[in-house]
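A short worksheet on the structure shown next.
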Amino acid sequence: MIICRTPYRISFFGGGTDYPAWYRQHGGTVLATGIDKYCYLTCRYLPPFFEHRIRVVYRQIETCLTADEVEHPVVRAALQHLNIDRGVEIHHDGDLPARSGMGSSSAFTVGLLHALHALKGEMPTKHQLTKEAIHLEQNVLGETVGSQDQTVAAHGGFKHVKFHSDGEIEVSPLVLPAGRIAELKSHLMLVYTGIVRTAADVAQSYVPGLETRRRQLRIMKEMVDEAIEILTGGVNLVAFGELLHEAWLAKRSLSAAVSNPEVDALYHTALEAGAIGGKLTGAGGGGFLLLFVPPERRNDVLEALDGCIHVPFEFENGGSQIIFYEPGTDYEAVDRARGSRRRTFKELPRPALHPTEAA
């Protein structure tokens with residue numbers, strides 16, 4: 001039995017420059033952090049006592065004989081990528097809802113790859129997990145996704161990530177005094193809008209035309225360095241909140257799908273109640289709002305956003321981790337002898353009851 005825990009992420013600045021269509025030409029950079037909300041993947045080799053050979057449990061339950069039959073695209077791709085031809089059982093649980101802008105899809109991909117590697121007795125590096133997850137999502141499945149979510153899910157921590165035009169990814173920790181980190185966290189609020197959307201659908205509205213949005217993306221890229229200067233320079237953190245507001249305005253200009261009247265209304269309400277800046281945490285369209293709020297105005301903002309769910313969080317530093325490992329009984333020989341045949345079991349008829357028992 002393997003249990004893998006992989007963090008969700010919050011992206012502060014640079015989102016949009018992490019799409020390969022952009023950084024392969026111009027380079028990209030983001031400032032993001034893992035948080036203490038996680039995706040959990042549990043997997044094991046399936047004992048040979050079932051009709052099926054593969055069982056996958058998420059919002060649906062699938063029972064199959066081969067990886068090719070699995071409907072979940074990431075699970076199917078991961079099993080094929082790692083050449084797992086034995087019976088397996090996979091369970092998914094998450095602390096936050098899917099399609100909410102927290103990098104949940106990539107956390108699932110990273111966590112699943114990590115768990116399956118561990119099941120095979122392998123210990124991949126964080127860089128390897130990042131690259132494999134990006135390959136599966138972008139190349140194998142052809143999804144319109146960037147590269148920061150997989151990177152932060154694998155590495156965790158408060159990171160400055162650079163995406164080079166040759167495809168290499170440079171991950172550097174942002175080193176700050178503990179007091180500065182605590183000050184920043186005291187100004188951040190994460191609230192769930194309740195609006196569900198698919199990130200790839202939103203991204204598809206602007207990623208194919210990134211070259212026509214050079215001005216916005218270059219501004220968004222420059223904001224990463226400016227944000228780091230604010231955090232490391234000891235200046236008033238209000239400047240960080242103001243920069244978040246500017247970044248949100250720049251991001252909204254990428255496509256009409258990035259925001260909507262409901263999100264705009266919530267954001268305007270938060271500003272009126274005391275927030276200095278903020279943004280949607282993912283590609284846009286809905287999900288979670290990250291707000292920069294002076295500590296003395298937090299209650300005012302919470303009251304104004306009545307109906308939204310406030311999610312307290314901490315930064316986390318571990319990235320994707322195997323938190324439980326137990327090899328268990330090895331049924332490999334039996335499983336391989338069975339192959340992909342469906343196993344059937346007989347149920348004997350119930351014995352007739354003795355007349356005295358029937359009475």
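Along the sequence shown, residues carry numbers from 1. These values consider heavy atoms only, across backbone and side chains, with no hydrogens, waters or symmetry-generated copies.
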Check: [Y] main-chain N/O paired with [X] side-chain donor or acceptor under 3.5 Å:
X: W22; Y: G16; answer: no
X: E62; Y: Y58; answer: no
X: Y325; Y: A118; answer: no
X: E316; Y: G318; answer: yes
X: R53; Y: D85; answer: yes
X: Q148; Y: V30; answer: no

Do you know the tightest heavy-atom contact between [X] and [Y]?
X: L271; Y: G277; answer: CD2-N, 4.1 Å
X: P294; Y: G274; answer: CD-O, 3.4 Å
X: A153; Y: V110; answer: CB-CG2, 4.1 Å
X: P20; Y: Q138; answer: CG-OE1, 3.5 Å
X: G146; Y: D18; answer: CA-OD2, 3.4 Å

Quick one: does [X]'s side chain get under 4.5 Å of [Y]'s, heavy atoms only?
X: V88; Y: L46; result: no
X: R298; Y: H310; result: yes
X: K126; Y: V171; result: no
X: S105; Y: V145; result: no
X: C4; Y: S320; result: yes
X: L289; Y: T281; result: no
X: V334; Y: P48; result: yes
X: E170; Y: V161; result: no

Applying side chain to side chain donor-acceptor pair (under 3.5 Å), name anything that partners [X], two or more places apart in sequence or on another chain.
X: H91; value: E89
X: T151; value: none
X: K120; value: none

Suppose we screen for ring-ring contact (aromatic ring centres under 6.0 Å, His included). Which residues come up paired with [X], at least two apart in sequence or across chains?
X: F313; result: none
X: H117; result: none
X: Y8; result: none
X: Y45; result: none

Under the criterion side-chain contact (heavy atoms from CB on, under 4.5 Å), I'd like the reasoning laid out for L188 against F12: C-alpha separation, chi angles, the key distance, then a yes or no. CA-CA 11 Å; L188 297 177; F12 294 106; 3.8 Å; yes
Starting at [atom1] of [X], measure out to [atom2] of [Y] and round the result to the nearest 0.5 Å.
X: L249; Y: K279; atom1: CG; atom2: NZ; value: 12.5 Å
X: L305; Y: T269; atom1: CG; atom2: OG1; value: 6.5 Å
X: I134; Y: N139; atom1: CD1; atom2: CG; value: 9.5 Å
X: C43; Y: R55; atom1: SG; atom2: CZ; value: 14.0 Å
X: L290; Y: W248; atom1: CG; atom2: CH2; value: 11.5 Å
X: L129; Y: T109; atom1: CG; atom2: OG1; value: 11.0 Å

Picking from L96, D95, V311, what satisfies side chain to side chain contact (heavy atoms under 4.5 Å, CB included) with M102? L96
N/O donor to acceptor pairs below 3.5 angstrom from side-chain atoms of residues 74-83, sequence neighbours left out:
unit_1: R76; atom_1: NH1; unit_2: V70; atom_2: O; d: 2.7
unit_1: R76; atom_1: NH1; unit_2: E71; atom_2: O; d: 3.3
unit_1: Q80; atom_1: NE2; unit_2: D68; atom_2: OD1; d: 2.7

Taking only residues at least two apart or on different chains, which pairs with a member in residues 184-196 satisfy side-chain hydrogen bond (donor to acceptor under 3.5 Å, both in side chains)? K185-E314
Inter- and intrachain pairs under side-chain hydrogen bond (donor to acceptor under 3.5 Å, both in side chains), touching residues 28-43, at least two apart: T29-H160
Apply side-chain contact (heavy atoms from CB on, under 4.5 Å) to the pair F324 and M1, showing each step before the final yes or no. CA-CA 7 Å; F324 181 82; M1 176 73 73; 3.9 Å; yes
List the steps, then state whether side-chain contact (heavy atoms from CB on, under 4.5 Å) holds for M189 with V301. CA-CA 9 Å; M189 292 179 60; V301 171; 4.2 Å; yes
D166 atom CG, neighbour heavy-atom count above 12 within 6.0 Å: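 More than 12 within 6.0 Å, yes.
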Within a radius of less than 6.0 Å around NE2 of H164, do more than 12 heavy atoms belonging to other residues, nucleotides or ligands occur? yes
Could you identify which residues cluster with V175, counting Ile, Leu, Val, Met, Phe, Trp and Tyr as linked when any side-chain heavy atoms lie under 4.5 Å apart, either directly or through a chain of such contacts?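 Under the 4.5 Å side-chain rule, V175 groups with nothing.
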With the 4.5 Å side-chain cut-off for hydrophobic clustering, are [X] and [Y] part of the same group?
X: Y19; Y: L280; answer: yes
X: V152; Y: L31; answer: no
X: I2; Y: L113; answer: yes
X: I322; Y: L112; answer: yes
X: V57; Y: L65; answer: no

Y331 and F49 aromatic centres sub-6.0 Å: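 Judged by ring-centre distance (under 6.0 Å), Y331 and F49 do meet the cut-off.
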Does the gap between the ring centers of F108 and H92 come in under 6.0 Å? yes
Quick one: do E137 and Q150 satisfy side chain to side chain donor-acceptor pair (under 3.5 Å)? Show the steps, please. CA-CA 9 Å; E137 294 184 358; Q150 307 90 337; 2.8 Å; yes
Residue pair K251, E246: steps toward the side-chain contact (heavy atoms from CB on, under 4.5 Å) verdict: CA-CA 9 Å; K251 187 170 184 176; E246 291 181 34; over 6 Å; no
Under 3.5 Å side-chain donor-acceptor pair for D264 and S259: yes
Side chains of residues 219-244: which donor-acceptor pairs under 3.5 Å do they make with residues two or more places apart or in other chains?
unit_1: K221; atom_1: NZ; unit_2: H26; atom_2: O; d: 3.0
unit_1: T232; atom_1: OG1; unit_2: I228; atom_2: O; d: 2.7
unit_1: N236; atom_1: OD1; unit_2: V238; atom_2: N; d: 2.9

